[in-house]
Visitor: 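Once you've had a glance at the structure underneath, I'll fire off some questions.
Bear in mind that the values here come from a model prediction, so they are computed numbers and not experimental data.
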Amino acid sequence: MIRNFIAGEWRASTANQFFPVLNPATAEPLGQTPISPASEVDEAVNSAHSAYERWRRVPVGDRVQVLHKLKARLESDLEDLARTITVECGKTLAESRGELRRAIENVEVAAGMPMLMQGNFSEDIASGIDEFSIRQPLGVCAIIAPFNFPGMIPFWFLPYAIACGNGVVVKPSERVPLTMQKVFTLLTECGLPADVVNLLNGDRHTSELLISHPLVRAVSFVGSSAGARAVYALAGAHGKRVQCQGGAKNPIVVLPDADIDNATPVIADSAFGCAGQRCLAASMAILVGDARKGFGDSLRQAAAQRTTGNGLDEVQMGPVISPESRNRILSLVDRAVSDGARLTVDGRYPQIAGGELGNFIRPTILEGLPLASDVTRTEIFGPVLSLHEVDTVDEAIALVNTGSYGNMACLFTRSGDAARKFRSEAEVGNVGINVGVAAPMAFFPFSGARESFFGDLHGQGRDAVRFFTQEKVVVERWPKDWTRQF
Ligand code: NAD
């Protein structure tokens, strides 16, 4: 049963609506996500708030001891957690393990909170007057996560929010609720006062109740751009601090001097890893000048050779999340073809032994897709790569900057000069140079720009510390004759 964790205990929801959770590789039912009603949102927020009043007074050096224990528990349970991610989300076991490593990395960084949340001090800003700043926790922080990284994405926020002294409510995606059930069990074994973190299951309506709850101070959202925009507006209307990471349409530019042998597997992995369901997945390869000669062939070959199947087996790619998602991807591919694209690798209707009921699509390559087609600018979020040809780096950069998203852009080249120009002019939050998935380490912000991000401070690293604390400035004078007794 999928339960909520509220006020330090596992509770069956009183919901009368449920979302069916199915294994994307087999369609086996895994559970029913309760769509928690307003009363449970209220209980979760109240629990986090009363816990915060006590937790904020625990010294930060003691607070981070919980994170040291949590890291050890995540390490010891890594295989079990990875299996859960694969079963509910579909990605391969290797990808699930990689996702968890990224989660653990955030716990490690947040464990440095005693230094990270230090303030600043200036003595004698005027005669006898000192000024300093301190960072204090906010209160209740809500974390709303997407389906594609059930283990990692809550960790872009959760360890920082806890270490800064906040109370937390996590709402996982209704499509993948199982991983957080396990993570919360571990959290309760790490010495954290159990009501500091609360797990609330539900859908967008549950999120909306959470965001507009008067005791919620801050909202961290990751999901589609439509969701990000809506959450940004709702949170803003209710006066909340908010950070919303949205969708993506990531281009990879290949210059003629790029090393084909090294770049091809990296680009193929970017496009088809996690079945293309990564916000840092390459979805357009822009081949410049003579790069079109070699790279087209090598990418087609890499796509056609990628093994696809149940992520628990020895395969390189799993299914997409749901039949609806698969149908949406197929209809976008059909639209591309009717707009003039050629399907040079067609993975639409694969035969996967034992996967007859799964949501499988094999790697698919589109060529000759007109730039005027909507599909060029639409996030497909599946294993589909379109190849485009231009003559110059300037044209490639113009194409990178044409779309509305700005999550990631990558360049493959041996030219330092071209790389400098690209990293300066690409209007995106994360840039990769000879790297296919420019995923920032936990000590950097997970950036994003334009329609891929709404807000100011991002998840991870110092941005997360600033997001989960309020900076207070104190100007202090102690006249001599008040205190000098000697
Ligand atoms: P989604 O927007 O459908 O849902 C994300 C979460 O928000 C879920 O928990 C859902 O219940 C909730 N939700 C959905 N609509 C909402 C609304 N209007 N108001 C409040 N809550 C709402 O996203 P998804 O399909 O689960 O995830 C895939 C999307 O997430 C893709 O677009 C992908 O690019 C994006 N993504 C972005 C990043 C990033 O860092 N920029 C990372 C991972 C995924």
Side-chain angles (χ1 to χ4, degrees), residues 1-5 10-13 18-34 69-107 143-159 168 170-190 192 197-203 222-223 273-275 277-278 309-322 325 354-355 357-360:
M1 199 204 311
I2 294 153
R3 291 177 299 169
N4 292 331
F5 186 78
W10 288 102
R11 296 184 184 174
S13 172
F18 292 84
F19 185 92
V21 184
L22 304 177
N23 180 325
T26 62
E28 175 205 350
L30 300 174
Q32 302 267 346
T33 305
K69 289 183 192 137
L70 179 60
K71 171 183 156 58
R73 292 297 278 123
L74 290 169
E75 295 280 5
S76 65
D77 283 37
L78 195 135
E79 279 306 308
D80 180 45
L81 288 165
R83 217 181 153 76
T84 306
I85 293 174
T86 293
V87 166
E88 70 174 347
C89 180
K91 60 182 67 172
T92 67
L93 268 179
E95 289 166 342
S96 298
R97 290 183 191 116
E99 159 171 2
L100 286 164
R101 290 250 67 87
R102 289 290 181 137
I104 292 170
E105 192 188 288
N106 276 284
V107 176
I143 298 170
I144 301 167
F147 80 82
N148 62 330
F149 284 93
M152 175 184 75
I153 287 181
F155 279 86
W156 287 353
F157 314 105
L158 182 67
V168 181
V170 178
K171 195 210 77 66
S173 163
E174 60 274 32
R175 293 188 265 183
V176 291
L178 300 176
T179 304
M180 277 298 121
Q181 298 277 302
K182 295 208 164 174
V183 166
F184 267 67
T185 303
L186 300 185
L187 262 169
T188 60
E189 294 166 5
C190 295
L192 182 68
V197 288
N198 295 266
L199 179 64
L200 184 71
N201 286 287
D203 61 3
V222 182
C274 296
Q277 299 174 117
R278 273 192 291 219
N310 189 324
L312 293 178
D313 299 333
E314 286 292 312
V315 292
Q316 293 170 298
M317 197 177 93
V320 297
I321 188 70
S322 64
S325 184
L357 298 178
N359 316 314
F360 290 101

Visitor: Report the distance from atom CG of L74 to atom CD of E105, rounding to the nearest 0.5 Å.
Guide: 13.0 Å
Visitor: Would you please test V170 and V183 for side-chain contact (heavy atoms from CB on, under 4.5 Å) and show each step?
Guide: CA-CA 11 Å; V170 178; V183 166; over 6 Å; no
Visitor: What's the shortest heavy-atom distance between P146 and V176, and which atoms?
Guide: O-CG2, 4.2 Å
Visitor: With no hydrogens and no angle check, is any side-chain donor or acceptor of E88 less than 3.5 Å from a backbone partner on T179?
Guide: yes
Visitor: Would you name the heavy atoms of P150 and M180 that are closest together and state the gap between them?
Guide: O-CE, 3.4 Å
Visitor: Working to the nearest 0.5 angstrom, can you tell me the gap between M152 CE and N106 CG?
Guide: 8.5 Å
Visitor: How close do A275 and G318 get, heavy atom to heavy atom, and via which atoms?
Guide: CB-O, 3.6 Å
Visitor: Let me confirm one number: the CZ-CH2 distance from F184 to W10, rounded to the nearest 0.5 Å.
Guide: 7.0 Å
Visitor: Looking at CG of L187 and CG of L192, how far apart are the two atoms once the value is rounded to the nearest 0.5 Å?
Guide: 6.0 Å
Visitor: Let's go through L158 and I143 carefully: what are the C-alpha distance in whole Å and the side-chain angles of both, what is the deciding distance for side-chain contact (heavy atoms from CB on, under 4.5 Å) to 0.1 Å, and is it a yes or a no?
Guide: CA-CA 8 Å; L158 182 67; I143 298 170; 4.1 Å; yes
Visitor: Could you check whether any side-chain N or O of K171 sits under 3.5 Å from a backbone N or O of G202, counting only pairs where one atom can act as donor and the other as acceptor?
Guide: yes
Visitor: Working to the nearest 0.5 angstrom, can you tell me the gap between I321 CD1 and C274 SG?
Guide: 11.5 Å
Visitor: Decide yes or no on side-chain contact (heavy atoms from CB on, under 4.5 Å) for V222 and F157, but give the supporting numbers first.
Guide: CA-CA 11 Å; V222 182; F157 314 105; 3.6 Å; yes
Visitor: Ignoring hydrogens, what is the shortest heavy-atom contact between P24 and V87? Give both atom names and the distance.
Guide: CD-O, 3.3 Å
Visitor: To check you understand the geometry: which heavy-atom pair defines the closest contact between V315 and T92, and what is its length?
Guide: O-CG2, 3.5 Å
Visitor: Write down the atom of P159, the atom of P154, and the distance for their closest heavy-atom approach.
Guide: CD-O, 4.4 Å
Visitor: So, does N201 use its side chain to make a donor-acceptor pair with the main chain of P34 at under 3.5 Å?
Guide: no
Visitor: Please determine whether a side-chain nitrogen of the Lys or Arg among D80 and K182 lies less than 4.0 Å from a carboxylate oxygen of the Asp or Glu.
Guide: yes
Visitor: Strictly distance-based, threshold 3.5 Å: is any side-chain N or O of Q181 a donor or acceptor partner for the main-chain N or O of I2?
Guide: no
Visitor: Strictly below 4.0 Å, N to O, side chains only: are E79 and R83 in salt-bridge contact?
Guide: no
Visitor: Keeping the roles fixed (side chain from E28, backbone from N23), state whether a donor-acceptor pair exists under 3.5 Å.
Guide: no
Visitor: May I ask you to test the T26-L357 pair for a side-chain heavy-atom distance under 4.5 Å?
Guide: no
Visitor: Can you name the one residue among L81, V107, L186 that meets side chain to side chain contact (heavy atoms under 4.5 Å, CB included) with R73?
Guide: L186
Visitor: Between the side chain of N359 and the main-chain N/O of P319, is any donor-acceptor distance below 3.5 Å?
Guide: no
Visitor: Would a distance-only check, ignoring hydrogens and angles, find a side-chain to backbone donor-acceptor pair under 3.5 Å from E174 to F19?
Guide: no
Visitor: Rounded to the nearest 0.5 Å, what separation is found between the SG atom of C190 and the NZ atom of K71?
Guide: 12.5 Å
Visitor: Determine, stepwise, if the pair F149 / R278 fulfils side-chain contact (heavy atoms from CB on, under 4.5 Å).
Guide: CA-CA 8 Å; F149 284 93; R278 273 192 291 219; 3.6 Å; yes
Visitor: Hey, does P177 have a side-chain heavy atom less than 4.5 Å from the side chain of V21?
Guide: yes
Visitor: For the pair E75 and R101, find out whether any cationic side-chain nitrogen is under 4.0 Å from an anionic carboxylate oxygen.
Guide: yes
Visitor: Is there a donor-acceptor pair under 3.5 Å between the side chain of K91 and the backbone N or O of N148?
Guide: yes
